[in-house]
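Please read all numbers here as calculations on a predicted model, not as lab measurements.
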Amino acid sequence: WLQTRWVVANRAVRKAQIAEGLAEAARAANVCLIQDDDLVEEVTDLTEWPHVITGHYDEDYLRLPIEVSRIELKHHQRCFATQSRDGKTANVFFAVANIQSKQPEAVAEGNERVVNARLADAVFFFDRDPKESLEDRVEKLSEIVFQDGLGMVGDQVGRLRGFVLDKAASLGVDANAAQRAAYLCKSDLTTGLVGEFPELQGYMGGIYGDMDGESHDVATAIAEHYMPAGAEDALPESAIARAIGIAERADKLLGYFHLGRIPTASADPFGLRRAAIGLIRLLADDALPMHVTVDEVLKEAAKQWNQQRVTIAISEATHAAVMQFIHERLL
């Protein structure tokens, strides 16, 4: 009976239909679908009688970095991005409609209008942002709150820079390149494109750093320093990105524990467990070994807080509590 009312009640069947529809649409358009399992899961739960619609956006927007168009399509339209057979961005996208329309062209046109409008905004920011370099933007970070009670992002950048400079030898990185990357790593937070699409932070910093003429090592480190975002995500390939990531996670854990924002059994609103696990993974990975212990990392991060004297001082008790918290993640 549900089938006659255009409802596929079985979720697994809906999901399979969406996957098959996307694959068929990609073949018909002669493009490669950019796989996004999370988006497949989302649209499976949003549709009852799924049907894939093919749309196109203006070719002028192909000059956007591929992640910009992908993020826009995903987060604002729940559409799937594509690449050409040679790995370049394609202006073909796929939407999953909730019903098979008698006028699929009209549905496609509706999606195209919205996507083109959003990508026009992205192009506007992409063209405007590079007029001010990442270095020129650093001063603006003193106007962005890191966390109430913990000062500003500009303060944090100073601590990260001091950390990687002081520990460069133990972290296996060039001190000059590492401190430069740390100095610039948050500057893209002040750009219009990251303001519009926060998911692009780091990624756009790397793009803009390259456009500014920063070295490949510095630009890559900026792009990768948030990795890994989740417990199963890939680690950065850049040793400098790993060094900044270690510094940032230790800095965050000490700061939030100082404020008493310690995770409970049911709540971890600031992602401190994820930060601790990321710190462990970065230190333990044999691909780019770090000659530094967790305790040494926390001592150096605490030193940066205490030397800065902008907001707080990290006590021995806070250090011990964070050390215990990280140890529990290893058990």
Given the rule that I, L, V, M, F, W and Y join up when any side-chain heavy atoms are under 4.5 Å apart, are Leu288 and Leu282 in one cluster? no

Answer whether the closest heavy-atom distance between the side chains of Phe197 and His75 falls below 4.5 Å. no

Using a 3.5 Å distance criterion without hydrogens, assess whether the side chain of Glu224 forms a donor-acceptor pair with backbone atoms of Ser238. yes

Ignoring hydrogens and angles, write down the donor-acceptor pairs under 3.5 Å from the side chains of residues 162-175, residues two or more places apart or on other chains.
| from | atom 1 | to | atom 2 | distance (Å) |
| --- | --- | --- | --- | --- |
| Asp166 | OD2 | Lys303 | NZ | 3.1 |
| Asp166 | OD2 | Gln304 | NE2 | 3.1 |
| Asp174 | OD2 | Asn176 | N | 3.3 |
| Asp174 | OD2 | Ala177 | N | 2.9 |

Going only through I, L, V, M, F, W and Y residues with side-chain contacts under 4.5 Å, is there a path from Leu160 to Leu189? yes

Please indicate whether Lys140 has more than 12 foreign heavy atoms, meaning atoms of other residues, nucleotides or ligands, lying under 6.0 Å from its NZ. yes

Rounded to the nearest 0.5 angstrom, the CZ-CG distance for Phe94 and Leu73 is 11.0 Å

State whether the side chain of Arg14 and the backbone N or O of Thr47 hold a donor-acceptor pair below 3.5 Å, judged by distance alone. yes

Would you check if Leu272 and Phe257 make a side-chain contact, meaning some heavy-atom pair closer than 4.5 Å? yes

Can you check whether Glu135 reaches Asp212 side chain to side chain, under 4.5 Å on heavy atoms? no

Could you tell me how the ring of Phe146 sits relative to the ring of Trp305: parallel (under 30°), tilted (30 to 60°) or perpendicular (over 60°)? tilted

Do Ile240 and Asp217 come within less than 4.5 Å of each other through their side chains, counting heavy atoms only? yes

Whether the side chain of Asn111 engages the backbone of Ala95 through a donor-acceptor N/O pair (distance < 3.5 Å, no angle test) should be reported. no

Compute whether any side-chain donor of one residue and acceptor of the other, for Asp188 and Thr191, lie under 3.5 angstrom apart. no

Are Gln307 and Arg159 close enough that some pair of their side-chain heavy atoms sits under 4.5 Å apart? no

Can a donor-acceptor pair be found, under 3.5 Å and without considering hydrogens, that links the side chain of Arg242 to the backbone of Pro236? yes

Are Ile207 and Met204 side-chain neighbours, meaning at least one heavy-atom pair lies under 4.5 Å? yes

Okay, side chain of Thr318, backbone of Ile314: is any donor-acceptor separation there less than 3.5 Å? no

State the CG-CD distance between Leu184 and Gln179, to the nearest 0.5 angstrom. 8.5 Å

Evaluation steps, salt bridge (Lys or Arg N to Asp or Glu O under 4.0 Å), between Lys299 and Glu316: CA-CA 9 Å; Lys299 285 179 179 177; Glu316 287 294 331; over 6 Å; no

Give the minimum heavy-atom separation between Arg329 and Ala276, together with the two atoms involved. CG-CB, 3.8 Å

For the CZ atom on Arg78, are there more than 12 heavy atoms of other groups (residues, nucleotides or ligands in this structure) within a distance under 6.0 Å? no

Other residues, nucleotides and ligands only: do more than 12 of their heavy atoms fall within 6.0 Å of CD on Glu24? no

Quick one: CD on Glu196 to CZ on Phe124, what's the gap to the nearest 0.5 Å? 10.5 Å

Expected output: side-chain Arg137 to main-chain Glu132 donor-acceptor under 3.5 Å: yes

Side chains of Gln201 and Tyr226, donor plus acceptor under 3.5 Å: yes

Using the side-chain contact (heavy atoms from CB on, under 4.5 Å) rule, take Ile312 and Leu150 through it: C-alpha gap first, then chi angles, then the decisive distance, then the call. CA-CA 7 Å; Ile312 67 171; Leu150 297 180; 3.7 Å; yes

Any side-chain donor paired with an acceptor under 3.5 Å for Asp86 and Ser84? yes

Quick one, Arg274 with Asp268, criterion salt bridge (Lys or Arg N to Asp or Glu O under 4.0 Å). Give me CA distance, side-chain angles, the key distance, then yes/no. CA-CA 9 Å; Arg274 185 167 63 247; Asp268 183 16; over 6 Å; no

side-chain contact (heavy atoms from CB on, under 4.5 Å) between Glu237 and Thr220: does it pass, once the steps are laid out? CA-CA 9 Å; Glu237 295 184 6; Thr220 301; over 6 Å; no

Would you please say whether a donor-acceptor pair under 3.5 Å links the side chains of Trp49 and Asn98? no

Do Ser69 and Phe93 make a side-chain contact, defined as non-hydrogen atoms from C-beta onward lying under 4.5 Å apart? no

Using atom types as modelled and distance alone, determine if a side-chain donor or acceptor of Asn116 lies under 3.5 Å from a backbone N or O of Arg113. no

Expected output: side-chain Tyr57 to main-chain Ala90 donor-acceptor under 3.5 Å: yes

Can you tell me how far the CD1 atom of Ile244 sits from the CD1 atom of Ile222, to the nearest 0.5 Å? 7.5 Å

Tell me whether Leu141 is reachable from Met152 by hopping between hydrophobic residues (I, L, V, M, F, W, Y) whose side-chain heavy atoms are closer than 4.5 Å. no

Shortest non-hydrogen contact between Gly55 and Glu112, atoms and distance: CA-OE2, 3.5 Å

Any donor-acceptor N/O pair, Asn306 side chain to Ala302 backbone, under 3.5 Å: yes

Under 3.5 Å, side-chain donor or acceptor atoms of residues 29-40 against the rest of the protein: list the pairs with distances, not counting sequence neighbours.
| from | atom 1 | to | atom 2 | distance (Å) |
| --- | --- | --- | --- | --- |
| Asn30 | OD1 | Arg85 | NE | 3.2 |
| Asp36 | OD1 | Asp38 | N | 3.3 |
| Asp36 | OD1 | Leu39 | N | 3.0 |
| Asp36 | OD1 | Lys74 | NZ | 3.4 |
| Asp36 | OD2 | Arg70 | NH1 | 3.4 |
| Asp36 | OD2 | Lys74 | NZ | 3.2 |

State, to 0.1 Å, how close Met211 and Pro130 come at their nearest heavy-atom pair, and which atoms those are. CE-CG, 3.5 Å

Spatial distance of atom CD (Gln147) from atom CG (Asp155) [nearest 0.5 Å]: 13.0 Å

Would you please say whether a donor-acceptor pair under 3.5 Å links the side chains of Arg118 and Gln77? no

Val322/Ile326 under side-chain contact (heavy atoms from CB on, under 4.5 Å): CA gap, chis, key distance, verdict: CA-CA 6 Å; Val322 173; Ile326 293 173; 3.9 Å; yes

Do Met323 and Leu254 belong together in a cluster built from hydrophobic side chains that touch within less than 4.5 Å? yes

If you compare all heavy atoms of Pro50 against all heavy atoms of Gln17, which two are closest, and at what distance to 0.1 Å? CG-OE1, 3.8 Å

Looking at Asp285 and Leu235, would you say the former's side chain and the latter's main chain have a donor-acceptor pair under 3.5 Å? no

Inspect the surroundings of CD in Glu139 and state if more than 12 heavy atoms from other residues, nucleotides or ligands are less than 6.0 Å away. no

Identify the heavy atoms of Arg281 and Gly230 that sit nearest to each other, and give their distance. NH1-O, 3.4 Å

Arg261 and Phe270, any side-chain heavy atoms less than 4.5 Å apart: yes

In plain terms, say whether Glu248 and Lys186 are close enough for a salt bridge, that is, a side-chain N and a carboxylate O under 4.0 Å apart. yes

Co-membership, hydrophobic cluster, residues Leu46 and Val107, 4.5 Å side-chain: no

With side-chain contact (heavy atoms from CB on, under 4.5 Å) as the test, would you mind laying out the steps for Leu134 and Tyr183 before giving the verdict? CA-CA 9 Å; Leu134 293 182; Tyr183 181 59; over 6 Å; no

Working to the nearest 0.5 angstrom, can you tell me the gap between Leu283 CG and Arg249 CZ? 10.0 Å

